[in-house]
Amino acid sequence: MNEENLRWVQRIVEAALLAAGKPMGLDQLRDLFDEGDRPARQVMEHVMFQLEKSCEGRGFELVRVASGYRFQVRQEYAPWVSKLFEEKPQRYSRALLETLALIAYRQPITRGEIEDIRGVAVSSNIVRTLLEREWVRVVGHRDVPGRPAMYATTKQFLDYFNLASLDQLPPLSEIRDLDEIGREIEKTIQAEIEFESPSDEQTDDQTLH
Amino acid sequence: MNEENLRWVQRIVEAALLAAGKPMGLDQLRDLFDEGDRPARQVMEHVMFQLEKSCEGRGFELVRVASGYRFQVRQEYAPWVSKLFEEKPQRYSRALLETLALIAYRQPITRGEIEDIRGVAVSSNIVRTLLEREWVRVVGHRDVPGRPAMYATTKQFLDYFNLASLDQLPPLSEIRDLDEIGREIEKTIQAEIEFESPSDEQTDDQTLH
Amino acid sequence: MTDESVSDQTDVSDDATVAETAPLARVSGKALVDLPSDLYIPPDALAVFLEAFEGPLDLLLYLIRRQNMNILDIDVSEITRQYMDYIGAVEAIRFELAAEYLVMAATLAEIKSRMLLPRQVLDEDDEVDPRAELIRRLQQYERFKKAAEDIDQLPRVERDTFIGGAGLPVLPSRQSSPDVDLRELLLALQGVLQRADLFTSHHVEREKLSTRERMSAILATLNNDQFVKFESLFTVEEGRLGVVVTFLATLELVKEQLIEIVQAEVLGAIHIRSRASN
């Protein structure tokens with residue numbers, strides 16, 4: 001494919017992405033072309049790269065999220081652009097975000113398992129909101145009494161938070177092994193008994209790793 | 001206003017026009033800026049001119065309509081963009097399929113004869129759809145009062161279903177107890193439904209380990 | 001390695017920032033960042049106070065952080081005392097207290113009593129040490145609490161970014177036809193036949209479909225009132241089978257009174273003409 005052809009593909013892809021107003025996958029974009037003109041995947045990847053470059057120094061950028069590519073306003077201009085919309089962006093409660101985090105990092109997970117970790121009941125409202133926003137969906141039922149639904153996140157969830165895949169979520173903090181904790185406690189208790197007072201000096205080497 | 005400043009205004013205006021999804025007047029655009037930063041109308045006109053130029057050779061352009069400016073996909077890319085909005089074809093009704101099947105097996109056949117076998121009237125819409133699709137054609141008129149048209153299947157019908165001749169269809173006597181076909185079709189339809197639901201494939205690769 | 005830095009941030013030892021950046025609650029517009037240290041809490045504030053927590057684990061984490069303690073090194077006696085004080089205060093004003101808070105109170109009480117017992121009791125115990133179990137739960141909860149905060153910080157659509165779109169040019173209308181599976185067609189036919197059987201029982205004969213196909217073809221050839229030579233219906237290329245099919249189709253057409261056959265003289269040419277017409 002020559003230069004002129006590549007630019008032609010690029011303009012059509014650009015036009016389509018702007019017309020769609022939602023993310024489009026490489027294959028969806030390729031399907032817009034008639035069979036004879038359809039660019040190979042490799043060509044498309046090159047085109048997407050060029051398109052990305054063409055947005056340098058502009059008010060928008062090309063971003064790849066879970067369901068494909070989309071043009072979006074650069075984050076630095078959001079303060080001005082947000083004035084276009086009267087409604088303030090929605091804030092989400094901690095309970096909702098914690099539930100969402102558990103589903104995102106621990107999927108597939110049941111409501112009961114979420115409640116075990118959070119230590120409180122999960123309100124039906126929260127689950128409903130997450131389902132209605134299409135951030136989570138039911139992917140099956142656990143084979144235990146009551147057959148509770150198992151939840152997982154969707155591509156829409158990733159799209160909304162500007163992620164291409166779950167790997168891009170901020171990493172979870174490490175957790176100490178239970179046996180290890182047990183041994184630490186043994187030691188501490190030992191120390192407490194010996195000195196008959198809780199020892200503050202130990203704090204440093206007990207820091208999480 | 002210096003060059004750098006102008007480009008900054010241009011990027012914000014560009015971002016706002018892309019996000020707005022509707023035409024924006026010059027004053028609406030100026031209102032996005034805080035009073036201290038607000039560009040004069042003259043400056044804005046210059047910015048709009050620059051913006052227009054920046055779309056040269058791209059898939060979209062800046063157009064001026066009655067209520068202001070907006071980005072629009074270039075007309076020449078309409079043929080590709082229109083594929084985005086292609087409606088998914090509906091399924092044919094059972095009545096249509098029955099009519100088509102009877103024409104295939106009992107041709108040449110009149111509408112009245114089809115109605116006799118099906119026990120219900122055949123709507124003109126069905127016949128028109130089949131004629132438009134060029135799956136059936138009129139091969140004559142029966143010499144009875146009303147001179148009803150006699151329908152037969154076409155070569156296109158055979159081509160569509162990958163048949164060399166009607167003989168390759170199973171004989172009527174076999175069709176009466178084709179329970180297996182029923183089961184297979186159920187499966188196919190089920191598979192199609194699953195395939196169509198957008199976020200099904202992701203379960204596996206989204207699972208965190 | 002990246003995990004390490006994250007866990008450093010979550011470490012309770014540098015906790016002070018958390019209380020500052022995340023107000024516990026708002027009481028009539030004012031951020032409630034810290035709780036009154038004496039235990040006299042006005043009833044209104046106490047209600048808000050409880051709402052500010054996502055449950056007993058969250059409350060415990062708060063207490064631990066306020067004491068500048070490491071989760072792994074909780075002074076159970078002190079934390080239990082503070083927790084009970086809050087629970088007691090809430091109960092005193094007879095707020096409905098969620099069961100989870102009371103269960104936690106019982107757990108804390110159990111841990112405290114165990115620690116007061118001589119050591120051999122702990123040793124002979126095979127089940128999970130309740131203090132270790134509590135620490136595990138606190139750690140587990142805290143990492144997801146942190147994860148929730150992280151998710152909230154991710155740039156998101158409608159707040160930190162906006163999707164770009166442009167107006168559409170005039171689009172040509174496109175229509176596409178539904179796809180049909182042959183088996184769908186056969187299934188439909190089966191349905192008709194079953195229904196038709198209710199009315200007539202011998203509608204279905206053994207019949208070569210090619211005959212009916214040929215009937216249509218012959219009718220299409222006889223498209224005006226002209227007579228056509230009978231022989232012209234046959235082509236050599238089709239071979240013997242083709243001849244038979246055409247012949248059967250002709251007979252069927254005669255039977256259905258769709259064509260007429262004329263022979264002007266004995267052994268003369270046979271002509272056919274459509275009785276149907278176009």
Side-chain angles (χ1 to χ4, degrees), chain A residues 7-22 24 28-29 31-34 37 51 54 57-61 66-67 71-85 104-108 134 137 139-140 150 152-158 165-167 169 172, chain B residues 4 7-24 28-34 37-39 47 50-51 54-61 70-86 197-209:
Chain A
R7 276 202 296 276
W8 176 75
V9 172
Q10 185 178 329
R11 286 193 298 270
I12 290 180
V13 167
E14 179 173 68
L17 287 176
L18 284 174
K22 59 171 198 209
M24 301 268 299
Q28 278 177 296
L29 288 167
D31 280 347
L32 298 178
F33 294 85
D34 289 332
D37 297 328
L51 210 48
S54 77
R58 306 203 63 149
F60 56 91
E61 59 189 335
S67 21
F71 282 116
Q72 64 186 42
V73 167
R74 285 185 194 274
Q75 209 176 319
E76 55 197 298
Y77 304 118
W80 289 271
V81 173
S82 65
K83 292 189 194 166
L84 288 172
F85 309 98
Y105 286 90
R106 276 296 165 83
Q107 58 191 298
E134 295 190 328
R137 66 198 175 111
V139 287
M150 289 187 294
T153 53
T154 61
K155 279 191 183 169
Q156 285 90 327
F157 159 76
L158 294 171
S165 76
L166 281 178
D167 291 348
L169 280 175
L172 263 189
Chain B
E4 186 42 49
R7 276 202 296 275
W8 177 74
V9 172
Q10 185 177 329
R11 286 195 295 269
I12 291 181
V13 167
E14 175 174 70
L17 285 176
L18 276 176
K22 59 173 196 233
M24 301 272 298
Q28 278 176 293
L29 288 167
R30 289 176 65 231
D31 280 348
L32 297 178
F33 295 87
D34 289 334
D37 296 329
R38 190 164 300 153
V47 164
Q50 290 295 330
L51 210 48
S54 77
C55 297
E56 272 166 25
R58 304 202 66 144
F60 60 98
E61 59 190 333
R70 73 164 178 173
F71 283 122
Q72 190 169 303
V73 169
R74 286 185 195 272
Q75 184 64 46
E76 56 194 297
Y77 303 117
W80 291 272
V81 168
S82 70
K83 292 195 192 167
L84 288 173
F85 306 99
E86 225 166 61
S197 79
S199 40
D200 261 330
E201 324 89 305
Q202 55 175 15
T203 328
D204 284 338
D205 45 47
Q206 284 206 355
T207 310
L208 282 183
H209 302 292

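Naming: A, B, ... by sequence-line order, numbering from 1 per chain. These numbers come from a predicted model, not from an experiment.
Every residue two or more places apart in sequence or in another chain that forms a ring pair (Phe, Tyr, Trp, His ring centres under 6.0 Å) with A:Phe85 is listed here: C:Phe162. In this structure, A:Tyr77 has no ring pair (Phe, Tyr, Trp, His ring centres under 6.0 Å) partners at least two apart in sequence or on a different chain.
The most heavy-atom pairs under 4.5 Å with chain B, out of A:Gly57, A:Ser67, A:Gly21, come from A:Gly57. Between chain A and the residues B:Arg74, B:Gln28, B:Glu14, the most heavy-atom pairs under 4.5 angstrom are made by B:Glu14. Per-residue counts of heavy-atom pairs under 4.5 Å with chain B were compared for A:Ile12, A:Val73, A:Val13; the largest is that of A:Ile12. The most heavy-atom pairs under 4.5 Å with chain B, out of A:Leu32, A:Leu17, A:Asp31, come from A:Leu32.
Contacts of B:Leu84 with chain A are made by both backbone and side-chain atoms, with heavy-atom separations under 4.5 Å. Neither the backbone nor the side chain of A:Ser82 comes within contact range of chain B, judged by heavy atoms closer than 4.5 Å.
Taking CZ of B:Arg11 as the reference point, atom CD of A:Glu76 lies at 7.0 Å (rounded to 0.5 Å). For the atom pair B:Arg58 CZ and B:Phe71 CZ, the distance stands at 9.5 Å (nearest 0.5 Å).
Using a distance-only test at 3.5 Å, with no hydrogens or angles considered, a donor-acceptor pair links the side chain of A:Thr154 to the main chain of A:Glu134.
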